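Step one of this worksheet: look at the structure below.
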2 protein chains.
Amino acid sequence: MIDADTVAARLANLTFSLLANCQEKEVHLAELHGLTQAEFRCLRLFGTDESLNNKTIAERMKLSPSRLTRIIDGLVKKEYINREIDPNDRRNMRVTLSSKGKSLVQQLNKAYVDIHEEILQDIDPSMHEQLITAMTHLLEALEKWLAKTDY
Amino acid sequence: MIDADTVAARLANLTFSLLANCQEKEVHLAELHGLTQAEFRCLRLFGTDESLNNKTIAERMKLSPSRLTRIIDGLVKKEYINREIDPNDRRNMRVTLSSKGKSLVQQLNKAYVDIHEEILQDIDPSMHEQLITAMTHLLEALEKWLAKTDY
DNA sequence: AATGATTTTTGATATGAACAATAATTTATT
DNA sequence: AATAAATTATTGTTCATATCAAAAATCATT
């Protein structure tokens, strides 16, 4: 797809494939737990003891609040999260993980770390910090590029 | 989200953020060119002088042929691709990039390589090959993991 | 107390995607 | 050669995804 003759081009192809694979993995993992992709992503947004409201979740997921209402409906019905009125401001809904939700999130996080551990086992330990640095650069560059308005 | 105390956890967080950013970038880039995300991804699938048919594109994009028919409809209307009957097998449609399509694909590929070149400039050249190796391992591990059925 | 702003929900609507049926063509079988 | 079977793309239908506009509840300000 891209001429793989320069290091940059090879790296570009790698991140491209990586992205595609990650996406596929997410789809797979979601249906494994009987969740839609949106529900799955919503769940993954939670730290295990976090409490969020509809609006902030919508913002983080870059979806409309109305869409979020229905996604959360699904997660409540499937008993992964609890939804209750915020006593401090009764307009807000306090959305928190149920115990079922917590254990799933923990399990997912663990699996996610595990796979990266596996990967690191294939890589010389002296390279590990370097890899982290490189990936950090990659991420920073991407964020910088995204922040630009003129492209 | 994940305790960032081990290298594996840090790497996990990095790929997670990277994924989110790449997705955002794609959405942004698509609408910048007046394309839907599906159209954009379809276009990016083409090497500049490739000629595909409906079915193979559908397979590569993991979408149904019927969905593809409409996506290609849009790209034809926007004059990014040409669609003509394959003279060898008149059941097939030969889908190729128009000159407008070719130049966009080239431009996108160039931009994609450029951003990775920028990133590499921040990294010691002696480490480049190692980075590629590490990323290749990452990708391989992910593919291997995806191929497993029992997780 | 009245007005205006904020948060969520609901209803209506548009877009995304798959499935089933159809039409056109090619390949296989008799 | 004629018919049957298979393949490819398209169309109509249907369901899921996501947004927008309006409504209801609450809060903040005057």
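The structure presented is a predicted model; accordingly, all values stated were derived computationally and were not measured. Per chain, numbering begins at 1; letters A, B, ... match sequence-line order.
Below 30°, between 30° and 60°, or above 60°: for A:Tyr112 and B:Phe16 the angle between ring planes is above 60°, a perpendicular geometry.
Looking at residues two or more places apart in sequence or on another chain, you find a salt bridge (charged side-chain N to carboxylate O under 4.0 Å, His left out) between B:Glu129 and A:Arg10. Partners of A:Thr96 under the side chain to side chain donor-acceptor pair (under 3.5 Å) rule, at least two apart in sequence or in another chain, do not exist in this structure.
The outermost nucleotides of DNA chain C lying under 4.0 Å from heavy atoms of chain B, listed 5' to 3', are C:dG16 to C:dT26.
Screening A:Lys78, A:Arg70, A:Arg67 for a salt bridge (charged side-chain N to carboxylate O under 4.0 Å, His left out) involving A:Glu39 leaves a single residue, A:Lys78.
Within the structure, every pair that satisfies the salt bridge (charged side-chain N to carboxylate O under 4.0 Å, His left out) test and touches residues 88-101 of chain B, not counting sequence neighbours, is listed here: B:Asp86-B:Arg94, B:Asp89-B:Arg91.
Ion pair B:Asp114/B:Lys110 flagged as a salt bridge, since at least one NZ, NE, NH1 or NH2 atom sits closer than 4.0 Å to an Asp/Glu carboxylate oxygen.
Checking the phosphate oxygens (OP1, OP2) of D:dT17, no side-chain nitrogen or oxygen of A:Arg41 falls inside 4.0 Å. At least one side-chain nitrogen or oxygen of B:Asn54 sits closer than 4.0 Å to the OP1 or OP2 atom of D:dT10.
Between its two ends, the helix from C:dA1-D:dT30 to C:dT30-D:dA1 turns its axis by 10°, counting five pairs per end and rounding to 10 degrees.
The distance from atom CG of A:Asn92 to atom P of D:dA28 is 11 Å, rounded to the nearest whole Å.
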TODO: At under 4.0 Å between heavy atoms, which parts of nucleotides 21-26 of chain D does protein reach? Answer with one letter per nucleotide, 5' to 3': B base, S sugar-phosphate only, - none.
DONE: -----B
